[in-house]
Colleague: 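First the structure, which I've put down as structure tokens, then a few questions once you've had a look.
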Amino acid sequence: MHHNIEGKVVVITGASSGLGEATARLLSAQDASVVLGARRIDRLRVLADELSRRGGKALAVPTDVIQCDQVKRLVDAAVQTYGRIDVMINNAGLMPQALLERLKIDEWNQMIDVNIKGVLYGIAAALPHMKQQKAGHFINVSSVAGHRVGPGFAVYAATKYAVRALSEGLRQEVKPYNIRTTVISPGAVATELPNTVTDPQAAERIRKFYAEVAIPAESFAQAVAFAMSQPEEVDVNEILFRPTRQEV
Ligand SMILES: NC(=O)c1ccc[n+]([C@@H]2O[C@H](COP(=O)([O-])OP(=O)(O)OC[C@H]3O[C@@H](n4cnc5c(N)ncnc54)[C@H](OP(=O)(O)O)[C@@H]3O)[C@@H](O)[C@H]2O)c1
């Protein structure tokens with residue numbers, strides 16, 4: 001038995017690859033019920049089927065986090081199927097880095113919509129249930145870029161600073177409802193994230209950087225499991241981790 005993970009109902013956005021998928025695998029192996037949201041429903045179904053075949057409980061729900069009603073439907077599906085929601089992992093995100101002078105305005109909007117508004121919609125969907133339960137746990141995904149800014153990632157960093165600000169405000173507001181709030185800020189982790197970079201110069205720099213330093217997605221899943229597995233009275237608010245070989 002895994003303390004405080006077994007039997008929990010966990011909703012994960014961005015579960016079709018990378019950090020979300022690795023977290024679904026680890027938590028399912030530790031007997032949590034996982035409810036998987038992302039746009040690529042085919043990948044979610046393959047994952048849910050695999051976890052179910054291994055004896056886990058998993059549900060795939062097509063979800064675009066820029067649509068508030070779709071995020072609500074994802075969370076409501078968890079409550080309808082498993083009776084409650086214990087953990088909401090607001091993980092979906094993208095990182096199309098480029099210098100501001102490239103004026104990639106569509107990508108700025110997309111990052112704001114997915115990385116910030118998507119997290120807010122996740123809060124909007126899960127908070128009413130958690131308030132009623134007088135229990136719950138938000139795990140929001142920021143980044144090392146939520147702690148420092150550099151050329152080429154001003155907008156991405158702005159969205160990840162926003163995730164930390166929202167999470168801290170949420171943390172303070174949900175005290176009466178016995179809800180925990182964790183922000184996890186990973187360094188370079190090997191996922192499909194670099195594929196979201198369209199600017200050729202930035203893409204080459206990032207692929208090289210990830211090839212040199214990135215660590216497996218399991219590292220993030222272990223951080224989630226650590227925060228979840230604390231006694232309910234212990235609220236781990238921030239986890240910042242990097243590959244040991246990552247300097248910046
Ligand atoms: N990997 C890293 O080094 C790193 C470091 C710091 C922070 N992060 C953060 O970690 C989170 C997960 O990224 P990752 O590294 O696992 O990258 P990834 O492998 O590219 O996964 C991103 C996930 O987000 C989902 N997604 C994107 N847009 C979406 C939308 N509109 N609606 C629903 N889901 C959407 C994708 O699913 P669909 O395409 O199927 O919708 C995918 O499942 C992101 O917030 C990222 O900023 C990653």
Side-chain angles (χ1 to χ4, degrees), residues 11-26 34-48 60-75 89-97 106-107 109-122 125 139-148 150 153 155-164 166-167 183-198 203 206-207 209-221 223-224 238-243 245-246 248:
V11 176
I12 307 171
T13 68
S16 61
S17 67
L19 307 186
E21 178 183 345
T23 303
R25 288 182 187 284
L26 184 76
V34 292
V35 180
L36 315 171
R39 293 165 304 174
R40 287 171 293 177
I41 186 62
D42 47 334
R43 288 177 62 151
L44 289 185
R45 289 210 177 105
V46 169
L47 177 60
V61 183
T63 311
D64 187 335
V65 298
I66 73 173
Q67 305 293 341
C68 194
D69 57 332
Q70 292 190 21
V71 185
K72 184 173 185 309
R73 201 183 55 186
L74 169 71
V75 170
I89 306 183
N90 288 308
N91 164 71
L94 73 164
M95 183 188 67
Q97 296 194 9
D106 288 346
E107 292 184 348
N109 285 329
Q110 209 187 353
M111 278 189 276
I112 289 165
D113 285 344
V114 176
N115 299 4
I116 303 180
K117 290 188 188 172
V119 171
L120 278 170
Y121 296 158
I139 300 181
N140 297 333
V141 183
S142 179
S143 170
V144 165
H147 293 257
R148 59 177 298 279
F153 56 101
V155 180
Y156 181 70
T159 66
K160 293 303 185 179
Y161 272 77
V163 170
R164 291 182 59 224
L166 291 171
S167 303
V183 187
I184 304 183
S185 299
V189 180
T191 67
E192 296 175 17
L193 198 67
N195 299 348
T196 62
V197 183
T198 61
I206 286 157
R207 290 225 174 79
F209 176 67
Y210 271 69
E212 282 167 6
V213 304
I215 51 177
E218 161 91 7
S219 58
F220 172 84
V224 171
E238 290 249 16
I239 299 175
L240 167 62
F241 73 94
R242 293 176 173 85
R245 52 184 173 255
Q246 181 176 343
V248 288

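Excluded from the calculations below are hydrogen atoms, water molecules and symmetry mates; all remaining heavy atoms, backbone and side chain alike, are included. In each ligand, atom 1 is the first atom listed, and ligand 1 is the first ligand listed.
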Colleague: Quick check against the 3.5 Å criterion: does Q110 have a side-chain atom that pairs as donor or acceptor with the backbone of I112?
Modeller: no
Colleague: Among all residues two or more places apart in sequence or in another chain, which pass the side-chain hydrogen bond (donor to acceptor under 3.5 Å, both in side chains) test with R43?
Modeller: E192
Colleague: Check this for me, if you would: do E212 and R245 make a salt bridge, where the nitrogen-to-carboxylate-oxygen distance has to be below 4.0 angstrom?
Modeller: no
Colleague: Ligand 1: which residues have a non-hydrogen atom closer than 4.0 Å?
Modeller: G14, A15, S16, S17, G18, L19, A38, R39, R40, T63, D64, V65, N91, A92, G93, V114, V141, S142, S143, Y156, K160, P186, G187, A188, V189, T191, E192, L193, Y210
Colleague: List the residues meeting salt bridge (charged side-chain N to carboxylate O under 4.0 Å, His left out) with R39, not counting sequence neighbours, and say none if there are none.
Modeller: none
Colleague: With sequence neighbours left out, what residues match E218 under side-chain hydrogen bond (donor to acceptor under 3.5 Å, both in side chains)?
Modeller: Q222
Colleague: How long is the straight-line distance from CG of L36 back to CD1 of I41, given to the nearest 0.5 Å?
Modeller: 8.5 Å
